[in-house]
S.K.: 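After the structure tokens below, expect a handful of questions from me.
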Number of protein chains: 2
Amino acid sequence: MNKTKKRSDCPISNSLDIWGDKWSLLIIRDLMFAKECTYGDFLKAQERIATNILASRLQSLEENKIIEKLDHPDSKAKVLYRLTKKGVDLMPVLIEIHLWAEKYFPIPDDRKAMLKDVKKDKAGFIKAATKELMG
Amino acid sequence: MNKTKKRSDCPISNSLDIWGDKWSLLIIRDLMFAKECTYGDFLKAQERIATNILASRLQSLEENKIIEKLDHPDSKAKVLYRLTKKGVDLMPVLIEIHLWAEKYFPIPDDRKAMLKDVKKDKAGFIKAATKELMG
DNA sequence: CATTTGCACTTGCAATATGCAAGTAAAATT
DNA sequence: AATTTTACTTGCATATTGCAAGTGCAAATG
């Protein structure tokens, strides 16, 4: 997405200015499920993001402090990406999207299983998952 | 946005295929706050959507059953748009985006006031607001 | 230690989407 | 009857996306 041109003072609009495109939330999703991803990991996702788009989204998400780069422990050729706290804090948004989607589309079984846990104790689920990602 | 080309079976991706652009959620936002809007009402929003983009988004949201058209009670020249149940059900998503934004940006006072209510009783807030929109 | 492979990007270009300004047609107002 | 309002549509310039191929460095292989 684009740099810091805010279209208004609305929080929805401001948020969309950062991650309101067809790809950013999928990158964030991948990091929520995997905790750490390499460039190649993102490219493996079902949706088949183009390499140039991936590079531009990673840069923009990093500029907006949603994700950060880490050195890969066993190779200088690899880069690890992970969510910052600001990124992890998007988890409730991702969860509500899941819950909405579950009401209106068929969704994969593993996601259904996850949502079963979510519904049992949403706050608890988020707390545990956040700990997992930030620890 | 585009027609029904699903990029994957992921619920996040499926959702973004419908409203994952810079404008759709703003239209939905306007309808959450106003319940019913005319074409001209949408054009008045701070973000200044272009008329052609507005028309294309309204059409796509209608095709996806997020919004519906209604006859305006006192004029055939006017059209009213409102959220369907499927659209109203996006409220938790919009609320979580607000809560996230509040943590990381300055947000307007009226939204802050709203979030204060939300935080007091999220389920109650959603129930009441949904009733308001669907009644 | 030379060569190949893997990884994270860049680059070039075509296709698509966005944004702006102006236009249109029907309905309402004057 | 003429003007204005309303909901769009159209044309065109600009920006973004998507695809395919390429680049450069690091690591593995022979």
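Labels below follow one simple rule: chain letters A, B, ... track the order of the sequence lines, proteins then strands, and each chain is numbered from 1.
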S.K.: Among B/Met91, B/Lys86, B/Lys85, which residue satisfies the side-chain contact (heavy atoms from CB on, under 4.5 Å) criterion with B/Asp89?
M.R.: B/Lys85

S.K.: Are B/Glu96 and B/Lys122 ion-paired here, with the side-chain N under 4.0 Å from a carboxylate O?
M.R.: yes

S.K.: Assuming nearest nucleotide by heavy-atom distance, tell me which of A/Arg7 and A/Leu43 is located more 5' along DNA chain C.
M.R.: A/Leu43

S.K.: What nucleotide among C/dC9, C/dT11, D/dG11 has an atom nearest to a side-chain atom of A/Asn52?
M.R.: C/dT11

S.K.: Starting at atom CD of A/Gln59, determine the distance to atom P of C/dT10, rounded to an integer number of angstrom.
M.R.: 7 Å

S.K.: Between P on D/dG18 and CG on A/Leu26, what's the gap in Å once rounded to a whole number?
M.R.: 11 Å

S.K.: How about CG on B/Asp71, more than 12 heavy atoms from neighbouring residues, nucleotides or ligands closer than 6.0 Å, or not?
M.R.: no

S.K.: Measure the shortest side-chain to side-chain distance between A/Leu16 and A/Arg7 over non-hydrogen atoms and say whether it is less than 4.5 angstrom.
M.R.: yes

S.K.: Counting only heavy atoms not in A/Glu62 (residues, nucleotides, ligands), do more than 12 fall under 6.0 Å from its CD?
M.R.: yes

S.K.: Of the options C/dT10, D/dC8, C/dC7, whose atoms approach the side-chain atoms of B/Ala55 most closely?
M.R.: D/dC8

S.K.: Just how far, in rounded Å, is C1' of C/dT16 from CG of B/Asp21?
M.R.: 14 Å

S.K.: Does a nitrogen or oxygen in the side chain of A/Lys22 sit under 4.0 Å from OP1 or OP2 of D/dG18?
M.R.: yes

S.K.: Return the value, rounded to whole Å, for the distance between atom CG of B/Asp41 and atom P of D/dT6.
M.R.: 9 Å

S.K.: Think A/Arg57 has a side-chain N or O under 4.0 angstrom from the OP1 or OP2 of D/dT17?
M.R.: yes

S.K.: Starting at atom CG of A/Leu54, determine the distance to atom C1' of C/dT10, rounded to an integer number of angstrom.
M.R.: 13 Å

S.K.: Whole angstroms only, please: what is the CG-P distance between A/Asp17 and D/dT16?
M.R.: 13 Å

S.K.: Answer with base, sugar-phosphate or nothing: what part of the nucleic acid does A/Tyr81 contact at a heavy-atom distance below 4.0 Å?
M.R.: sugar-phosphate

S.K.: Of the nucleotides D/dA20, C/dA21, D/dT6, which has the atom closest to the A/Thr51 side chain?
M.R.: D/dA20

S.K.: Is it the case that more than 12 heavy atoms not belonging to B/Glu132 sit under 6.0 Å from its CD atom?
M.R.: no

S.K.: Grab the CD-P distance between B/Glu47 and C/dT18 for me, whole Å please.
M.R.: 16 Å

S.K.: Once hydrogens and angles are ignored, does a donor-acceptor distance under 3.5 Å link the base of D/dT16 to the side chain of A/Ser56?
M.R.: no

S.K.: Write down the distance between CH2 (B/Trp23) and P (D/dA15), rounded to a whole number of angstrom.
M.R.: 16 Å

S.K.: When you look at CG of B/Asp110, are more than 12 heavy atoms from neighbouring residues, nucleotides or ligands closer to it than 6.0 Å?
M.R.: yes

S.K.: Start at the 5' end of DNA chain D and walk down; is the nucleotide closest to B/Tyr39 or to A/Ile53 reached first?
M.R.: B/Tyr39

S.K.: Please list, in numerical order, the residues of residues 68-77 of chain A that have a heavy atom closer than 4.0 Å to any atom of DNA chain C.
M.R.: A/Lys69, A/Ala77

